[in-house]
Amino acid sequence: MRQEIIRVQQALSQKIIGKDHQLKLAITCLLANGHLLIEDLPGMGKTTLSHALSQVFGLQYSRIQFTSDLLPSDMLGVNIFHSHESDESKRFSFRHGPIFSQVVLADELNRASPKTQSALLEAMEERQVSIDGVTHALPSPFFVIATQNPSYQSGTYPLPESQLDRFFMRISLGYPAWEAEKTMLLQQDASAPLSQILNEMNLHQMQSDVSAVHASDAVIHYILRLVSESRESNDYPNPLSPRASRALLQGAKAWAFVSGKAYVTPEDVQAVFIAITAHRLMLPSHQLGQGPQTNAFDGEKLSQKLLDSVDPLAA
Amino acid sequence: MNQVFLRRIPRFFIYKAVFSQPRALAILLLCTAFSLIIATLTAPLMIWVLMLGGCAVIVRIAGLSTMHSLPTSRTVNLLAILAVFALSWFGLSAGLLDSMINLLVVASGLKIMLVQKTRDFHLLICTCLFLIGCGFISSLSVFAWLGYTAILALLLIATAIYHGAGVSIKKNVKFVTVLIVQAAPIALLLFLLLPQLPPLWQMPTSKSTETGLSDTVTPGDIASLASSSALAFSATFDSPNDVPIAESRYWRAITLEHFDGKTWSISDKRKQAEQQLALMGKPTPLSVLAENDLPQVTNYELIVEPTQQTWLFALEPSSPNNRENSIYVRSLFDYTLRANSPISSKKAFYMRYFPNANITNGIGKFEAQLNLEVSMNGNTRARMWGQTLANQYSNAQDVVEAVMREFGNGGFRYTLSPNAMPTDPVDRFLFEERAGFCAHYAGAMVYVLRAAGVPARMVTGYQGGSALNENVLQIRQYDSHAWVEALINNVWVRFDPTSMAAPSRLTFGLERALEELGESRQTTILSDFSNSAFFAALQSWFQQLDYSWSKWVLGFDNAAQTNMFEELLGALTPQKMRFVFLTALGLVGIILALYFLPKRQRKTLSPSHSILLKAIKHVEAETGVQRGNKTLSTYLAEVLPLLSADAANALQQLSAQFELDSYAQQAETQQTQTNMKHQLKVLKQARKKKS
């Protein structure tokens, strides 16, 4: 199992060069059965990453490009009436929308109208879709990678805090380093598809292995201290929810698993902490000034501050 | 009808919703406390300041219910500027202390309208605490103490509610109550055991609180005192037998020897003479008296209400017992007493009374001459009468007796509301009105005696006093009195002309005397109530309580403290004092520790955890790199290159072991502990080797 994880990491790093930490976080998120939010400027490799992930894990992949006129039914699917059939077989049949895939790339999520956004987020949370009173289960595993343009760009509907909370992690790829970009430019077969390394069964097995990773009381207390510090101190306008603390534990376990350990240490919690909490601690965008710096980085600063203010070795 | 109903209900719900928010409730409580405080500060506050404070509170409370907007900070700033002008205008006449209190109230009133941030709220709480301190300047009674303690509790509850979002009000109140109860034993210990330091600064005297006698008497002044039933002082005797009988309870305060035809005042010549004699170091007759061992001496204690003056009242003649007084008291040559600093708060003084001693001529001939001066301003008939008396009788005693007889038989009437006598007051009183009170009688008599060639002076003070219990007398402002001293055979003899016209004034006090004369002093509502037995009992109970408070709490000064120590420990040595002081501090420390310690102990560390923390302390000391809140591996990465190979190895093993123990699914064993202890030793040795 460990060997396969390393191979997955190596394979992904051929596509996204020099972003090992973000890749590891993305794998962690997938193994923790959470949804990933990638916030970046256009052209940073968001789509490449999600495509590569589905390829190496051998998952069925679809992509929804969100626009302001995209309707929920465009995404979820519709009931179609078969009128040209003979009388006996005239009936409604459900045509599955693009959301019925194992990996869904929801591109530029914040360009869609709130109605469509919440339809997606509901599907993410319930892992099922109800249309005309019939419930359709989504495939398993179900993994949404949503990308978001920074909210200061024009034509965006910022996601409300309640919906941000449903994303397990938020990462940001950022510009590659000099050497990494040079390697990327020199690469010959940039568009060649990656070979499948794992299958669905492996993924399910890994996900249950992650849940079995041991988290001692010391680690759980550390998570509780972090969370209650965010609630007790006045510095955090949006304190962390129980959903966030559960995500922290799950994320830390997955990180420990990806790192090849059988138990969680505070280092694992710290490694995933910013990715899991930054978008939850962030000030609501309407309370921040306009500009490229404020929104994206404020949450990270708050997360880092929270990490620095709690001693991992305290009893 | 229906419409009215509809309009009312939402409003009620709005209020209910608003005050269920902790912050709004906290501000409401703060406003209540603030208005209670300014209500108790009515004496130093100016009317417009009171009104401003009240309006601010109303505006603030209305503003809480979101239906009314608060004034903008621009409006408040404008108000502040206006208030500063008003304060500087009126402050000149109010005196420094009062205008400062006014300023504080104005400032916090304006601030109350602007409370938004936590900082504002804390600022106001602190200011209110300071205002409570200001309240204690004017009153130290047990009721003030109880009231201010209640307000203090209110402020604490407001703070608790403000910060305890999500905690029920009941819990907050319980929390504050527990805090106050915990603070009580500490306060008691500090009060009983720690030495009481003198005040760091002197209160500027405030004009509005000046009470009691004044150093000039224009007949009419004492009548205004007579309408006040405020307590002047109380006297405690060792045993009921020591309490003097009613007729001899003359509490001497001031001798007035100069008369300008209208007003009696302290003579300037007397003041100069006193100063010169004091410079020469001549002992006053009272100090001589105190040194001689007289057989009949009565010790008693005075608890004096603040007068902002230096003079004291004492049974004549009494000398101060300065060994026990916290303020040094001087005796003067006219047998009056002066404290070294104004009595600005309730104070206890210890006195020794010599019932059989005479008041002698203190400065010899000078006194006789001073007290023969007759003002030639008007009052011709009185002077003529004096000369006639001088011709009629050869001896001073006879002259005095003739005048007293005249007051008894000449149809004189005692009243507290005589007609005004603006010109020739003595003549008008003696020959036309024949009605007046003590100051009229005493003034007229001294004038006539001086005209007849008998040295005489007016003495003011208090006469009488009601028994609180069998050995405590309470003397109130309406007991103020004026009487006459005439120099006969070099001894000042006391005569009280008032007693000739109203004999019951001396034996039964003013009220009884007035009752007999069909008159009453201007009564207050309270004194009407005192006719009913229940209220009389209640009143006397309150008086008793206030007296005990004054005696046991306010009277607990350094002397009383020393007494207590001596009773408990025997003779005091510096070592014992040090021991007592340290025990006091220790006890307070233990009480505080009892509160804080249990929390610490609850967190028990596992053995491997404590060994690791010890190791980290060593490493921190050696490398100078503090761990802070870093994780173990981050810290190791920083520190390992700085350590020697042995130490680095030991530390790495320690942390690996710790990680296994606390994070992995594995029970801690004795084996790993001994192993870790060994590594810790290696770490210590490596450090020693290095040094």
Side-chain angles (χ1 to χ4, degrees), chain A residues 21 209-226 228-239 241-242 248-249 252-253 255-257 259-274 302-315, chain B residues 22-23 116-122 162-167 599-620 626-639 651-652 654-668 672 676:
Chain A
H21 185 72
D209 285 352
V210 162
S211 303
V213 168
H214 176 68
S216 68
D217 273 4
V219 169
I220 289 173
H221 288 170
Y222 178 49
I223 292 175
L224 288 175
R225 277 202 304 277
L226 284 166
S228 50
E229 168 72 15
S230 82
R231 295 170 194 165
E232 279 158 17
S233 166
N234 284 332
D235 299 342
Y236 308 102
N238 284 330
S241 61
L248 271 176
L249 180 61
K253 279 180 174 182
W255 184 269
F257 179 80
S259 318
K261 284 192 293 186
Y263 55 87
V264 185
T265 64
E267 280 85 4
D268 300 322
V269 178
Q270 294 205 342
V272 294
F273 188 78
I274 291 178
L302 284 175
S303 291
Q304 190 59 51
K305 189 174 157 196
L306 185 52
L307 266 190
D308 290 342
S309 59
V310 175
D311 183 3
L313 286 191
Chain B
R23 299 228 155 162
Q116 268 158 359
K117 292 180 209 150
T118 311
R119 190 174 152 271
D120 301 342
F121 186 79
H122 287 173
Y162 191 84
H163 288 287
V167 182
K599 273 189 193 160
R600 278 270 169 97
Q601 282 172 343
R602 227 177 284 154
K603 291 180 180 170
T604 44
L605 295 176
S606 68
S608 64
H609 198 153
S610 56
I611 292 174
L612 180 83
L613 289 184
K614 271 182 207 159
I616 287 178
K617 244 181 211 168
H618 268 285
V619 175
E620 276 178 347
Q626 298 294 314
R627 188 180 67 85
N629 285 339
K630 289 170 201 154
T631 59
L632 199 51
S633 58
T634 329
Y635 185 62
L636 285 192
E638 276 181 38
V639 166
L651 184 62
Q652 253 173 333
L654 264 175
S655 54
Q657 196 68 53
F658 166 76
E659 215 175 88
L660 276 180
D661 275 346
S662 24
Y663 302 128
Q665 207 167 9
Q666 174 187 342
E668 196 167 317
T672 56
M676 282 183 81

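Any value given below was found using the heavy atoms of this structure, including those in side chains, with hydrogens, waters and symmetry copies removed. Numbers restart at 1 for each chain; the letters A, B, ... are given by sequence-line order, proteins then strands.
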Between NZ of B/Lys630 and CG of A/Asp308, what distance do you get to the nearest 0.5 Å?
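Between B/Lys630 NZ and A/Asp308 CG, I get 9.5 Å after rounding to 0.5 Å.
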Point-to-point distance, once rounded to the nearest 0.5 Å, from CG of B/Leu660 to OG of A/Ser216:
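If we round to the nearest 0.5 Å, B/Leu660:CG and A/Ser216:OG are 11.0 Å apart.
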Check whether A/Val310 gets within reach of chain B through its side chain, its backbone, both or neither, counting any heavy atom under 4.5 Å.
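A/Val310 touches chain B through backbone heavy atoms alone.
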Please check if atom NZ in B/Lys614 has more than 12 non-hydrogen atoms from other residues, nucleotides or ligands closer than 6.0 Å.
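12 or below, so no.
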Residues B/Ser633 and A/Glu267: side-chain donor-acceptor under 3.5 angstrom
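Checked: B/Ser633/A/Glu267 side chains pair up, N/O donor to acceptor below 3.5 Å.
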How close do [X] and [Y] get, heavy atom to heavy atom, and via which atoms?
X: A/Pro312; Y: B/Asn629; answer: CD-O, 3.2 Å
X: B/Tyr663; Y: A/Val219; answer: CD2-CG2, 3.3 Å
X: B/Glu659; Y: A/Tyr263; answer: OE1-OH, 3.5 Å
X: A/Ala218; Y: B/Ser662; answer: CB-O, 3.9 Å

With side chains defined as the heavy atoms from C-beta onward, is the minimum distance between A/Leu313 and B/Tyr635 less than 4.5 Å?
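Contact flag for A/Leu313/B/Tyr635 side chains = no.
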